[in-house]
J.: 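What follows is a single structure, and I will ask about it in a moment.
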Amino acid sequence: MMEWIHILEGGLSEVVSLGQFILEAISVFCVFFGIVKTVQLALRFAEFQYDEFLFIQLRIRFGVWLALALEFQLGADVLATTIAPKTETLIKLGAIAIIRTLLNYFLNMELEHEFEFRKHQSDKENLPSIKQ
């Protein structure tokens, strides 16, 4: 019976290690893909002068991909703590959770700011002009 438990523990450890590797690889892919998409957006608007709206768009584009990458990294760390819940891995898990939460909070603030900016721009464009 004990032999089966050791075999199952070893198999579970291998599955968790593979899952952790896959989640970390997806996380890295998200960061690189986010960089590519952000650079594409920046190049598309390279001829325009700097304005706050473009800067916000770039930050939001990259921030969304970073948030997604952190979600996968958090999943990988959760898997790591199921096999070997060391203090180091628990601290890393907590730090990633805090970073992800803060990133999502500020990303939502940026999205709200962009929404208000667009609404303000739309309201200005829809105002009737007054001729004297």
Side-chain angles (χ1 to χ4, degrees):
M1 181 67 169
M2 286 298 272
E3 186 177 316
W4 279 102
I5 291 175
H6 289 298
I7 291 172
L8 290 175
E9 283 178 348
L12 180 62
S13 178
E14 291 298 319
V15 168
V16 167
S17 293
L18 178 63
Q20 184 181 3
F21 174 78
I22 290 170
L23 289 172
E24 287 174 346
I26 292 171
S27 178
V28 169
F29 174 77
C30 287
V31 171
F32 285 125
F33 195 72
I35 290 169
V36 169
K37 288 299 194 182
T38 304
V39 168
Q40 285 177 343
L41 181 66
L43 292 175
R44 193 170 350 147
F45 294 108
E47 67 229 24
F48 298 111
Q49 285 185 331
Y50 168 82
D51 67 346
E52 185 180 357
F53 179 72
L54 176 60
F55 184 67
I56 291 170
Q57 287 291 315
L58 293 173
R59 287 187 60 194
I60 289 172
R61 174 72 55 103
F62 191 57
V64 166
W65 284 103
L66 278 181
L68 183 61
L70 283 171
E71 292 288 341
F72 284 107
Q73 191 65 44
L74 184 64
D77 288 337
V78 166
L79 284 179
T81 58
T82 61
I83 296 298
K86 299 175 191 167
T87 304
E88 179 184 326
T89 55
L90 290 173
I91 290 170
K92 185 178 174 186
L93 180 64
I96 289 175
I98 290 170
I99 291 168
R100 180 187 56 85
T101 302
L102 290 173
L103 181 63
N104 284 336
Y105 173 76
F106 288 114
L107 187 60
N108 284 333
M109 285 180 53
E110 291 285 341
L111 287 170
E112 288 175 14
H113 179 71
E114 178 190 358
F115 177 76
E116 290 298 321
F117 180 79
R118 284 186 178 183
K119 184 178 176 189
H120 180 72
Q121 291 296 96
S122 175
D123 290 345
K124 272 196 329 192
E125 291 171 1
N126 291 333
L127 288 176
S129 59
I130 301 173
K131 296 187 180 189
Q132 296 182 3

J.: Under the ring pair (Phe, Tyr, Trp, His ring centres under 6.0 Å) rule, what pairs show up with a residue in residues 71-106, not counting sequence neighbours?
T.: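 Ring pair (Phe, Tyr, Trp, His ring centres under 6.0 Å) check on residues 71-106 returns no pairs.
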J.: Who pairs with F29 by ring pair (Phe, Tyr, Trp, His ring centres under 6.0 Å), at least two apart in sequence or on another chain?
T.: F33
J.: Is a side-chain N or O of S27 found less than 3.5 angstrom from the main chain of L23, in a donor-acceptor match?
T.: no
J.: Can you tell me how far apart CD1 (I99) and CG (L102) are? Round to the nearest 0.5 Å.
T.: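 Those atoms lie 8.0 Å apart.
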J.: Following the transitive rule for hydrophobic clusters with a side-chain heavy-atom cut-off under 4.5 Å over Ile, Leu, Val, Met, Phe, Trp and Tyr, establish whether L66 and V36 coincide in one cluster.
T.: no
J.: Looking only at heavy atoms, what is the nearest atom pair of I96 and Q73, with distance?
T.: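 Heavy-atom minimum between the residues: CD1-CG, 3.5 Å.
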J.: So, using side chain to side chain contact (heavy atoms under 4.5 Å, CB included) as the criterion, who are the partners of V28 when residues are at least two apart?
T.: F32
J.: E71: what forms a salt bridge (Lys or Arg N to Asp or Glu O under 4.0 Å) with it, not counting sequence neighbours?
T.: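 Residues passing salt bridge (Lys or Arg N to Asp or Glu O under 4.0 Å) with E71: R100.
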J.: Could you tell me the separation between the CG atom of L43 and the OG1 atom of T38, rounded to the nearest 0.5 Å?
T.: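 Rounded to the nearest 0.5 Å, the CG-OG1 separation comes to 11.0 Å.
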J.: Closest approach of V31 and A69, non-hydrogen atoms and distance?
T.: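 Closest approach of V31 to A69: CG2-CB, 3.6 Å.
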J.: Taking all non-hydrogen atoms of both residues into account, name the closest pair between L68 and C30 and its distance.
T.: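 Closest pair (atom of L68, atom of C30, distance): CD2-SG, 3.7 Å.
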J.: Report whether V16 and I22 are members of the same hydrophobic cluster (ILVMFWY, side-chain heavy atoms less than 4.5 Å apart, transitive linking).
T.: yes
J.: Tell me which donor-acceptor pairs under 3.5 Å the side chains of residues 74-83 have, and how far apart each pair is, sequence neighbours excluded?
T.:
{"residue": "T81", "atom": "OG1", "partner": "D77", "partner atom": "O", "Å": "3.4"}
{"residue": "T81", "atom": "OG1", "partner": "V78", "partner atom": "O", "Å": "2.8"}
{"residue": "T82", "atom": "OG1", "partner": "L79", "partner atom": "O", "Å": "2.5"}

J.: Tell me whether I35 is reachable from L70 by hopping between hydrophobic residues (I, L, V, M, F, W, Y) whose side-chain heavy atoms are closer than 4.5 Å.
T.: yes
J.: Decide whether F62 and V39 are clustered together by the hydrophobic rule: side chain heavy atoms of Ile, Leu, Val, Met, Phe, Trp, Tyr closer than 4.5 Å, transitively.
T.: yes
J.: Could you check whether atom CD of Q40 has more than 12 heavy atoms from other residues, nucleotides or ligands sitting under 6.0 Å from it?
T.: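 Correct, the count exceeds 12.
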J.: Could I get the full list of salt bridge (Lys or Arg N to Asp or Glu O under 4.0 Å) partners for K37, not counting sequence neighbours?
T.: none
